[in-house]
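Remarks on the structure that follows.
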There are 2 protein chains.
Amino acid sequence: MDIESTDYRKEVTQRLQQAGVSPTQQRMEIAQILFARPQHLSAEQVLNIVNAQGPVVSKATVYNTLGLFARKGLVREVIVDPTKVFYDSNTSEHHHFYNVDTGNLTDIEPHSLKLESMPTLPDGTQAEGVDVIIRVRHSS
Amino acid sequence: MDIESTDYRKEVTQRLQQAGVSPTQQRMEIAQILFARPQHLSAEQVLNIVNAQGPVVSKATVYNTLGLFARKGLVREVIVDPTKVFYDSNTSEHHHFYNVDTGNLTDIEPHSLKLESMPTLPDGTQAEGVDVIIRVRHSS
DNA sequence: GTCAGTGCAAACCCTTTGCAGAAAG
DNA sequence: CTTTCTGCAAAGGGTTTGCACTGAC
C-alpha cells in the first residue's frame with residue numbers, strides 16, 4: 001500500500017473510473033490519501049494532508065471532490081458533529097464510536113454490533129442507510 | 001395539553017426548575033412549545049413558532065436556550081443533517097428515521113429496533129449515548 | 001475549439017459571542 | 001442591589017458558489 005507506488009496509483013485510477021469519476025490530478029491526490037487505508041477524515045484534514053508539502057489542491061476543490069466522491073459512493077459521509085462532516089473511506093457497512101471529547105471517530109467491529117430487526121419504514125420510503133453512532137467520553 | 005392552560009404552564013415551570021433552569025419568560029415560551037408534545041424542531045423552527053404572532057424571543061436567546069436545555073437534559077440534540085441541529089423533546093431512549101428528501105425526522109418505535117449487544121468501548125471511555133439513524137428516501 | 005475541472009475569493013448560513021441594558025430574586 | 005438573562009449586531013467557521021482560467025481531448 002505504498003502511496004507512492006505505481007501499482008497503487010493504477011488501482012486508485014481504476015476505482016475512480018469504475019465510479020464514473022474521471023481521474024484528474026487533484027482527484028487522484030485526494031483519492032490516494034483516502035484509499036491508502038480505511039480512515040475518517042474531515043475536509044480540513046484532507047486539505048492539510050494533501051497540501052502538506054506545498055499547495056496542490058485548493059480548498060474549493062477539496063470540498064467539491066469530497067462531495068463528488070460521496071455522491072458516487074467512493075466514500076461515506078459520517079455526520080456526528082454539527083460543525084463538520086467526516087468522510088469515511090471504508091464504504092462497507094459498519095458503525096462508529098464518536099469521542100465527544102477528542103472529536104475522534106473509530107470503527108465499531110462489524111460483528112460486535114447487530115441490529116435485531118429492521119423496523120417498518122414510513123410509507124412510501126425506502127432505506128438508504130443505517131447509521132449507528134455510539135457517543136463516548138473520557139471516563140470519570 | 002392546551003398550551004394556554006394554567007396547569008400546563010405550571011407543569012412546564014416545574015420541569016424547568018427540576019432541571020435547575022430558572023423559568024424566565026423567554027425560556028417558558030420555548031419550553032411550552034417543545035413540551036406540548038414529543039417533536040423534533042430545529043432552532044429556526046422554534047424561532048418561527050415562538051415569534052409567530054409578534055416578536056417574543058430573539059434568535060440569540062433561542063439558540064442559547066436550546067443549548068441550555070440540551071445540557072440540562074430537557075431535550076436531546078439529534079444530529080442528522082450537517083446544516084442544522086434538531087431538538088427532540090422526547091428524551092426517552094429511542095431512535096429515528098430521517099427522510100433525506102424532505103428533511104423530516106420521525107421516531108422509530110422503541111420496541112421495533114434493538115441493538116443485539118453493546119460492543120466493547122475504546123479504552124478509557126464510557127458511553128454517553130447511542131444514536132441510530134435510518135436514512136430513508138422516497139421509494140422509486 | 002469545446003467542455004469538464006480547478007482556484008480564488010466572496011458569499012452563505014447556521015450558530016456563537018461581546019456587551020449593554022433589562023429582569024429576576 | 002446583585003446576579004442572571006436577554007437582545008442586538010457582529011463575528012465565527014465550515015461549506016458552497018460565481019466566474020474566469022486551465023487543461024484534456
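Letters A, B, ... are given to chains in the order of the sequence lines, protein chains preceding strands, and every chain is numbered from 1. The figures here come from the full heavy-atom set of this structure, side chains too, leaving out hydrogens, waters and symmetry mates.
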key: Residue that, paired with B:R76, satisfies salt bridge (charged side-chain N to carboxylate O under 4.0 Å, His left out) out of B:D107, B:D88, B:D131   = B:D131
query = Quick one: on DNA chain D, does B:V21 or B:A60 contact a more 5' nucleotide (nearest heavy atom)?
reply = B:V21
ask   = Among C:dG7, D:dC5, C:dC14, which nucleotide sits nearest the side chain of B:S22?
value = D:dC5
request  = Round to the nearest Å and state the distance from A:M28 atom CE to C:dG5 atom P.
outcome  = 15 Å
ask   = Under the 3.5 angstrom rule, does the side chain of B:Y98 hit a backbone N or O of B:I133 as a donor-acceptor pair?
value = no
note = So CZ of B:R15 and CZ of B:F35: to nearest 0.5 Å the spacing works out to 4.5 Å
For atom CG of A:N48 and atom C1' of D:dG13, their distance in whole Å = 14 Å
request  = Kindly point out which of C:dG7, C:dT15, D:dG7 is positioned nearest to the side chain of B:S58?
outcome  = D:dG7
query = Whole Å only: how far is the NZ atom of B:K59 from the P atom of C:dT17?
reply = 16 Å
inquiry  = Distance check needed: D:dC8 P versus B:L47 CG, whole Å only.
reply    = 11 Å
Whole-Å distance separating the NZ atom of B:K84 from the C1' atom of D:dG14 = 16 Å
task = Take atom CG of B:L16 and atom C1' of C:dG25, then tell me their distance rounded to the nearest Å.
result = 17 Å
remark   = Contacts of A:V62 and B:E44 projected onto DNA chain C by closest heavy atom; the upstream (5') one is A:V62
message = Please report the interatomic distance OG(B:S89) to CZ(B:R37), rounded to the nearest 0.5 Å.
response = 8.0 Å
task = Could you label the plane-to-plane angle of the B:H96 and B:H40 rings as parallel, tilted or perpendicular, counting under 30° as parallel and over 60° as perpendicular?
result = perpendicular
Gap between atoms CG and C1', on B:D81 and C:dT15 respectively (whole Å) = 14 Å
query = B:N51 has an atom CG; how far is it from atom P of D:dT6, in whole Å?
reply = 13 Å
ask   = Does a side-chain N or O from A:T61 land closer than 4.0 Å to OP1 or OP2 of C:dT6, or not?
value = no
task = Please work out which residues in residues 63-79 of chain A have a non-hydrogen atom less than 4.0 Å from an atom of DNA chain C and list them by number.
result = none
inquiry  = Nearest to the side chain of A:R27, heavy atoms from C-beta on, is which of C:dT6, D:dC5, D:dG14?
reply    = C:dT6
inquiry  = With a 4.0 Å limit, can you tell me whether B:Q26 has a side-chain N or O closer than that to the phosphate oxygens OP1/OP2 of D:dG7?
reply    = yes
inquiry  = Looking only at the side chains, is there a donor atom on one of B:R27 and B:S22 sitting less than 3.5 Å from an acceptor on the other?
reply    = yes
Option passing side-chain contact (heavy atoms from CB on, under 4.5 Å) with A:L74 (candidates A:L34, A:L16, A:L68, A:T91) = A:L16
